[in-house]
Amino acid sequence: MKTYFPEVKKSVKYEGPKSSDPLAFKFYDADKKIGGKTMREHLRFAVAYWHTFKGAGADIFGAGTFRRPWLTSGEPMKAAEETLDAAFEFTSKLGAPYYCFHDRDIAPEGKDFAESCKNLDKIVAKAAKLQKSTGVKLLWGTANLFSHPRYAHGAATNPDAHVFAYACAQVKHAMDATMELGGENYLFWGGREGYETLLNTDYCREQEQLARFLTMAVDYKQKIGFKKMFLLEPKPHEPTKHQYDFDSATVLGFLQKHGLLEHFKLNIEANHATLAGHSFEHELTVASAAGKLGSIDANTGDPQLGWDTDQFPSNIYSAVYAMLVVLKQGGLGSGGLNFDAKPRRGSTDTVDLFYGHIGAMDTFARALLIADRIIKDGVIDGFIKSRYAGFEKGYGADVMKGKSSFGKLEKVILDKGEPELKSGRQEMLENIINQYIVM
Ligand code: XUL
Ligand code: CO
């Protein structure tokens with residue numbers, strides 16, 4: 001059988017931290033159990049179809065540089081089928097249990113909507129067979145509502161009702177495809193849902209349109225009996241100057257206002273968090289605190305570059321903070337860690353796709369081991385708990401039970417006087433994290 005990835009004969013193996021083979025895992029040992037679950041079950045890694053198989057390495061200054069033999073046929077449906085073969089070969093050799101796609105990643109846009117649907121159906125039938133033969137599953141599907149010129153002014157938030165209708169029709173079909181393939185979630189990222197200038201934008205109406213669009217998606221989900229999770233992915237800007245789904249807090253407020261909160265969880269992307277001026281762990285924590293952390297797009301930005309560079313995650317600290325949030329909420333449920341990441345333009349070869357994914361999987365596997373130990377030892381949690389001890393008893397507990405008042409607390413202060421300033425011990429805590437990272 002034709003192979004697109006001769007550099008890995010059968011599959012990427014776990015060899016342990018001392019291995020010098022760059023094509024072996026040093027930390028990701030899929031069957032190793034941590035707290036009753038295997039690494040595979042904790043981490044639920046997914047490969048992002050768009051970057052890994054469709055990305056050609058183009059940027060605004062130059063053409064594609066990547067050697068991708070499956071993209072070269074020149075005939076769109078043939079290239080789509082070859083890409084699918086490459087995707088399943090790569091994902092199963094890597095040992096990632098899942099993949100994620102946009103409808104237009106896996107099948108090309110046709111001459112009209114009906115032909116686009118036909119193309120998608122044909123590729124979905126082939127994907128179903130490949131899922132069966134390889135065991136690779138679909139973590140989530142989504143619709144690309146941002147690449148085609150018709151979506152230049154947005155999809156659900158487009159001022160033209162005709163475009164809004166097109167987006168709904170496209171999502172309907174993408175949801176059908178996701179359900180057909182046993183997708184474990186369906187995702188919404190508002191690609192161009194935002195604005196460039198308020199001079200041509202009715203902000204209130206666009207917010208209402210977005211709510212109507214998501215409400216109809218919930219209706220359709222119920223109609224077809226798709227019982228899986230809906231995910232919404234925040235991003236503050238790029239491509240539009242101001243994206244409506246700015247960050248976790250904004251999205252949670254929006255969903256609550258429109259009666260949609262019960263139907264959605266969030267998909268938090270590290271690079272989107274930092275674009276919003278937050279840390280990855282901040283966005284994860286805000287989502288998790290609301291019981292709404294559903295899934296993760298695991299990547300990283302670049303501190304010197306202010307855009308969505310979608311790099312492979314390699315920072316152990318950031319991954320440890322992320323895994324602390326994930327473990328404390330008891331895992332990601334039906335979500336997973338999707339590598340929404342691409343090699344740099346100069347990393348031209350198919351083997352670079354393995355290096356990127358192997359490093360990212362090892363980063364999170366190592367972070368899982370470290371976070372598990374930090375939680376089990378209870379050092380950080382114990383310190384945090386002790387800081388709030390005053391709210392567990394006496395007048396502090398009364399406050400939390402709603403049994404206090406400004407008047408009662410004034411009496412407390414008249415009696416107790418000035419509070420003692422206590423250290424937050426930030427440096428000591430950072431040192432403890434460092435100690436776990438090297439151990
Ligand atoms: C864009 C982005 C998307 C979503 C899926 O920044 O993250 O690829 O993850 O539409
Ligand atoms: Co993403």
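Residues take their numbers from the sequence shown, with the count starting at 1. Each ligand, and each atom within it, is numbered from 1 in the order the structure gives.
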N/O to N/O under 3.5 Å, ligand 1 against protein:
residue  : atom   : partner : partner atom : Å
ligand 1 : 6 (O)  : K235    : NZ           : 2.9
ligand 1 : 6 (O)  : H272    : NE2          : 2.9
ligand 1 : 6 (O)  : D308    : OD2          : 2.9
ligand 1 : 7 (O)  : E233    : OE2          : 2.7
ligand 1 : 7 (O)  : E269    : OE1          : 2.7
ligand 1 : 7 (O)  : H272    : NE2          : 3.3
ligand 1 : 7 (O)  : D340    : OD2          : 2.7
ligand 1 : 8 (O)  : W50     : NE1          : 3.3
ligand 1 : 8 (O)  : D340    : OD2          : 3.2
ligand 1 : 9 (O)  : E233    : OE1          : 2.8
ligand 1 : 9 (O)  : E233    : OE2          : 2.9
ligand 1 : 9 (O)  : D297    : OD2          : 2.9
ligand 1 : 9 (O)  : D340    : OD2          : 3.0
ligand 1 : 10 (O) : H102    : NE2          : 2.7

Okay, side chain of N299, backbone of A341: is any donor-acceptor separation there less than 3.5 Å?
no
Pick out which of F88, F90, F53 makes a side chain to side chain contact (heavy atoms under 4.5 Å, CB included) with Y99.
F88
Is it the case that the side chain of K54 and the backbone of D105 share a donor-acceptor pair, with hydrogens and angles ignored and the cut-off at 3.5 Å?
yes
Using ring centroids (six-membered ring only for Trp), state whether F5 and W70 fall under 6.0 Å.
yes
Under 3.5 Å: donor-acceptor pair, side chain of E115, backbone of K111
yes
The Co ion (ligand 2) neighbourhood, protein N/O/S only, threshold under 2.8 Å:
E233 OE2, E269 OE1, D297 OD2, D340 OD2
Between Y244 and E206, do the side chains contain an N or O donor and an N or O acceptor separated by less than 3.5 Å?
yes
Given the ring of F27, does R366 sit roughly above its face, with NZ or CZ under 6.0 Å from the centre of the six-membered ring and within 45° of the axis?
yes
Side-chain ion pair, K13 and D21, N-O less than 4.0 Å:
no
Tell me whether K221 forms a cation-pi arrangement with F230, defined as NZ or CZ under 6.0 Å from the six-membered ring centre and within 45 degrees of its axis.
yes
